[in-house]
Amino acid sequence: MTTTETDVTVTKAEPPAPEPPRRQREGGVLNVFSHGVLVIWAFMVVTPLLWAVMTSFKDDRSIFGSPWALPDKLHFDNWARAWTQANMSDYFLNTVIVVGGSLIGTLVLGSMAAYVLARFDFPGNRFIYYLFIGGMSFPIMLALVPLFYVVNNMGLLNTLHGLILVYIAYSLPFTVFFLTAFFRTLPTSVAEAAFVDGASHTRTFFQIMLPMAKPGLISVGIFNFLGQWNQYMLPTVLNTDPDKHVLTQGLVQLAVSQGYKGDWSGLFAGLVMAMLPVLAAYIIFQRQVVAGLTAGALK
């Protein structure tokens, strides 16, 4: 009995060929160039912010005598003077009321409209959606005069709640556009399971779909917060009562009054006060903003 042995040849996988040296050099040069541009851009953005914060703790003589030097002493009275004498506390409170109310209204109304446009097919769905898109491209400058008369005829001129309604209308187009695309990326099986269990459309939206859309809500909320907090044109036209001024109007009034008085240190203190909430909001929610912007691409 003869046993035939079969020779088995094992072929090892060859390692991938290394990239050509020229391509490696081009990739290295591109990385160095891109990082260099980012460093320059970060320097251009951060330097004015740090200079404003540093200047807010100087006295007027140090601001003009040594503008780039560190303060020899921290003058916290600049902040106290801007907060009390320049009425920054009243402007800050009015801004918090207006932006807080408009932000809540924008997110609630915008999320409901976006959910309906993204999940339900009905006659006029695309037409309504494109109306919101058209609202994003409509310049606010063209609407100031008719908006003034509309708000005045409704008896909402020089009122905080009137300004809240205008802010909501101003922010709804972008909010609906952003959240409509986000709701389309969410799985439909969860909502269908809720309907099978007997949940209504309202309960399904508020208890299931809205929590799932939390990253998108945070992202669009940050963008709306930045735009509404820094809004100047709308309150200037619709809110001329000095007691109802918001922070942007107060800063302009402070710049004019303090400029004549020569109190530049108080002006910089007020500027930093208006700037800190925006920086704090972005620093706290920066991960949620990135997650909301990339959620649609990752699903």
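Just so it is clear, the structure is predicted and the values come from calculations on it, not from any experiment.
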Are the side chain of [X] and the backbone N or O of [Y] linked by a donor-acceptor pair below 3.5 Å?
X: D59; Y: S62; answer: yes
X: S56; Y: V53; answer: yes
X: N152; Y: L157; answer: no
X: N78; Y: G266; answer: no
X: K73; Y: F57; answer: no
X: N239; Y: K244; answer: yes
X: Q249; Y: V246; answer: yes
X: T248; Y: N230; answer: no
X: W51; Y: P67; answer: yes
X: D241; Y: D243; answer: yes

Problem - Pairwise salt bridge (Lys or Arg N to Asp or Glu O under 4.0 Å) hits with a residue in residues 104-128, at least two apart - result: none

Problem - F183/Y115 aromatic ring centres below 6.0 Å - result: yes

Practice task
Would you check if the distance from the ring center of W83 to the ring center of Y91 is below 6.0 Å?
Solution key: no

Take atom [atom1] of [X] as the centre, draw a 6.0 Å sphere, and report whether it contains more than 12 heavy atoms from other residues, nucleotides or ligands.
X: R203; atom1: CZ; result: no
X: F120; atom1: CZ; result: yes
X: F122; atom1: CZ; result: yes
X: M233; atom1: CE; result: no
X: F225; atom1: CZ; result: yes

May I ask whether [X] and [Y] are part of the same hydrophobic cluster, defined by side-chain heavy atoms of I, L, V, M, F, W, Y residues being less than 4.5 angstrom apart, directly or through others?
X: L179; Y: Y130; value: yes
X: V45; Y: I283; value: no
X: L142; Y: F174; value: no
X: M275; Y: I284; value: yes
X: V237; Y: M141; value: yes

Practice task
Output the rest of the hydrophobic cluster of Y232: all Ile, Leu, Val, Met, Phe, Trp and Tyr residues reachable through side-chain heavy-atom contacts under 4.5 Å, sorted by chain and number.
Solution key: V252

Fill in the blank from the handout: Cluster membership besides V46, Ile/Leu/Val/Met/Phe/Trp/Tyr side chains within less than 4.5 angstrom, sorted by chain and number, is L50

Heavy atoms only: give me the nearest [X]-[Y] pair and the separation to one decimal.
X: L156; Y: T159; value: O-OG1, 2.5 Å
X: M54; Y: P71; value: CG-CD, 3.5 Å
X: P187; Y: M209; value: O-CE, 4.4 Å
X: T204; Y: A199; value: OG1-CB, 3.6 Å
X: W229; Y: P277; value: CZ2-CG, 3.6 Å
X: K58; Y: L70; value: CE-C, 4.1 Å

Measuring only between side-chain heavy atoms, which start at C-beta, is [X] closer than 4.5 Å to [Y]?
X: S111; Y: L210; result: yes
X: V39; Y: F43; result: no
X: F206; Y: H201; result: no
X: L49; Y: L279; result: yes

Exercise for the section: Applying ring pair (Phe, Tyr, Trp, His ring centres under 6.0 Å), name anything that partners H161, two or more places apart in sequence or on another chain. Expected result: none

Point-to-point distance, once rounded to the nearest 0.5 Å, from [atom1] of [X] to [atom2] of [Y]:
X: F223; Y: Q228; atom1: CZ; atom2: CD; value: 13.5 Å
X: I97; Y: S102; atom1: CD1; atom2: OG; value: 11.5 Å
X: L163; Y: N94; atom1: CG; atom2: CG; value: 9.5 Å
X: D197; Y: E192; atom1: CG; atom2: CD; value: 12.0 Å
X: M88; Y: L93; atom1: CE; atom2: CG; value: 12.5 Å
X: R81; Y: L267; atom1: CZ; atom2: CG; value: 11.0 Å

Handout entry: side chain to side chain donor-acceptor pair (under 3.5 Å), paired with S265, selected from D60, T55, D77
Key = D60

Practice task
Check the pair L247 / M273 against side chain to side chain contact (heavy atoms under 4.5 Å, CB included), numbers first and verdict last.
Solution key: CA-CA 9 Å; L247 203 53; M273 287 180 188; over 6 Å; no

Exercise for the section: Apply side chain to side chain donor-acceptor pair (under 3.5 Å) to N224 and list each qualifying residue two or more places apart in sequence or on a separate chain. Expected result: T175

Practice task
Report the residues that fulfil side-chain contact (heavy atoms from CB on, under 4.5 Å) with Y170, sequence neighbours left out, ordered by chain and then residue number.
Solution key: I140, Q231, L234

Exercise for the section: Check each of V116, L117, I133 against I128 using the side-chain contact (heavy atoms from CB on, under 4.5 Å) test, and report the only one that passes. Expected result: L117

